[in-house]
Amino acid sequence: MAVAYSAGADSTALLLAAHRRWPGRVTAFHVHHGLQAAADGFETHARAFCALHGIALQVSRVQAAHSLGESPEAAARDKRYTSLAGMAKQAGVDGVLLGQHADDQAETVLLALSRGSGLPGLAGMAERFERHGAVFGRPLLGVASADLRGWLQAVSHAFIEDPSNTDVRFTRNRIRAVLMPAWNACFPGFRTMLARCARHAAQAQILLDDLAQLDLIQSGEPPAMAVLRVLGRERQANALRYWLRHSHGVAASAAQLDELLDQIADCRTRGHRIHLKIASGFVDRSGDRLIYTPPI
């Protein structure tokens with residue numbers, strides 16, 4: 001087993017807990033993002049901490065700077081997962097544990113609500129998922145950040161405070177600094193309630209995915225419009241969302257999906273052309289079927 005260890009409080013608590021549970025079988029993975037001057041200090045602390053506790057450590061250095069028009073948070077997250085998956089493959093571990101906790105889950109749900117996200121967003125972070133060929137787990141989603149920090153302080157274990165966590169230019173930090181205290185003032189224990197909502201949304205999404213798979217078995221992939229038109233509009237939308245997400249790794253906006261559904265309804269002659277922008281590519285008509293063409 002490996003633990004993604006940033007040297008912050010959450011990953012420190014997780015690393016120590018895993019090390020106690022599986023002594024000698026846990027490796028720490030540290031990703032040096034190169035995004036701030038303090039990153040070298042994180043690595044130095046990680047090396048010293050792991051040496052002190054007899055924990056194996058692997059360090060990967062990446063350039064996580066974002067491209068023009070790309071979210072800095074998304075760019076860093078993608079580079080981090082790619083790096084962690086690469087280290088997992090090299091080390092031959094069964095899975096990588098991540099330190100996200102109940103506060104992170106609450107922030108994720110609040111962020112999804114603010115963006116008008118559908119069920120996949122409201123479902124929050126999954127306890128287990130696969131990315132880049134590696135298995136990841138989040139065992140602390142039911143534990144509050146304050147409890148993790150309280151335990152570390154009680155047993156006198158040092159950790160690093162990431163200065164970027166207080167930078168309110170980042171959306172998550174604004175939610176943490178402004179929205180979370182307000183929700184807690186109005187609804188004490190809201191983290192548990194939001195976590196419950198996320199579980200309900202995740203369960204509902206599983207059922208919708210099962211239904212989409214059944215509909216796509218009937219329509220084939222790529223989907224046949226004639227079969228889709230037999231379904232209700234909401235069921236068509238569900239099948240198309242699933243097809244785009246699982247076959248092509250993209251998500252259509254609400255406006256794009258509505259336009260695609262309108263085009264499918266109107267497309268009853270051979271000469272009716274469909275060429276719609278979806279995410280970074282296009283959905284086109286090919287005979288009676290829909291195909292997705294990614295950007296070149």
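The first residue of the sequence shown is numbered 1, and numbering continues consecutively from there.
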Novice: Could you check Q100, Q105, E127 and say which one makes a side-chain hydrogen bond (donor to acceptor under 3.5 Å, both in side chains) with R138?
Specialist: Q100
Novice: Is the backbone N or O of P222 less than 3.5 Å from a side-chain atom of R289, with the two atoms forming a donor-acceptor pair by type?
Specialist: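 Judged by distance alone, yes, a pair lies under 3.5 Å.
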Novice: Looking only at side-chain N and O atoms, does Q213 offer a donor or acceptor that is under 3.5 Å from a partner on H246?
Specialist: no
Novice: Using the side chain to side chain donor-acceptor pair (under 3.5 Å) criterion, which residues pair with E107? Sequence neighbours excluded.
Specialist: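 Here the qualifying residues are R172, R176.
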Novice: Are R174 and L179 close enough that some pair of their side-chain heavy atoms sits under 4.5 Å apart?
Specialist: no
Novice: So do F136 and R128 actually touch side chain to side chain, heavy atoms under 4.5 Å?
Specialist: no
Novice: Does R61 pair with E43 as a salt bridge, N-O distance under 4.0 Å?
Specialist: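 Answer for the salt bridge query: yes.
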Novice: Looking at D104, is its backbone amide N or carbonyl O close enough to the side chain of T108 to form a donor-acceptor pair, meaning the two atoms are under 3.5 Å apart?
Specialist: yes
Novice: Is it the case that more than 12 heavy atoms not belonging to R233 sit under 6.0 Å from its CZ atom?
Specialist: yes
Novice: Has the side chain of S11 got a donor or acceptor atom that lies under 3.5 Å from a matching backbone atom of Y5?
Specialist: no
Novice: If the threshold is 4.0 Å, N to carboxylate O, is there a salt bridge linking D209 and R245?
Specialist: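 Salt bridge present between D209 and R245.
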Novice: Are L98 and L84 close enough that some pair of their side-chain heavy atoms sits under 4.5 Å apart?
Specialist: yes
Novice: For D210, does its backbone N or O pair with a side-chain atom of Y242 as donor and acceptor, under 3.5 Å?
Specialist: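 No: the side chain of Y242 does not pair with the backbone of D210.
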Novice: Is R229 reaching over with its side chain to a backbone N or O of C267, donor-acceptor style, under 3.5 angstrom?
Specialist: yes
Novice: Side chains of F159 and D10: does their closest heavy-atom pair fall under 4.5 Å?
Specialist: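 They are not in side-chain contact.
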Novice: Would you call the rings of H45 and F49 parallel, tilted or perpendicular, taking 30° and 60° as the class edges?
Specialist: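 Plane angle under 30°, so parallel.
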Novice: Can you classify the ring geometry of Y81 versus F129 as parallel (below 30°), tilted (30 to 60°) or perpendicular (above 60°)?
Specialist: perpendicular
Novice: Looking at K89, I'd like to know if its NZ atom is crowded, meaning that more than 12 non-hydrogen atoms belonging to other residues, nucleotides or ligands lie closer than 6.0 Å.
Specialist: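 Open.
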Novice: For the backbone of D167 and the side chain of N173, can you confirm whether one donor and one acceptor N or O come within less than 3.5 Å of each other?
Specialist: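 Yes.
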Novice: Do H32 and D40 have side-chain N/O donor and acceptor atoms under 3.5 Å apart?
Specialist: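 The criterion, which ignores hydrogens and geometry beyond distance, is satisfied for D40 and H32.
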Novice: Would you check if there is a donor-acceptor pair between the side chains of T27 and Q58 at a distance under 3.5 Å?
Specialist: no
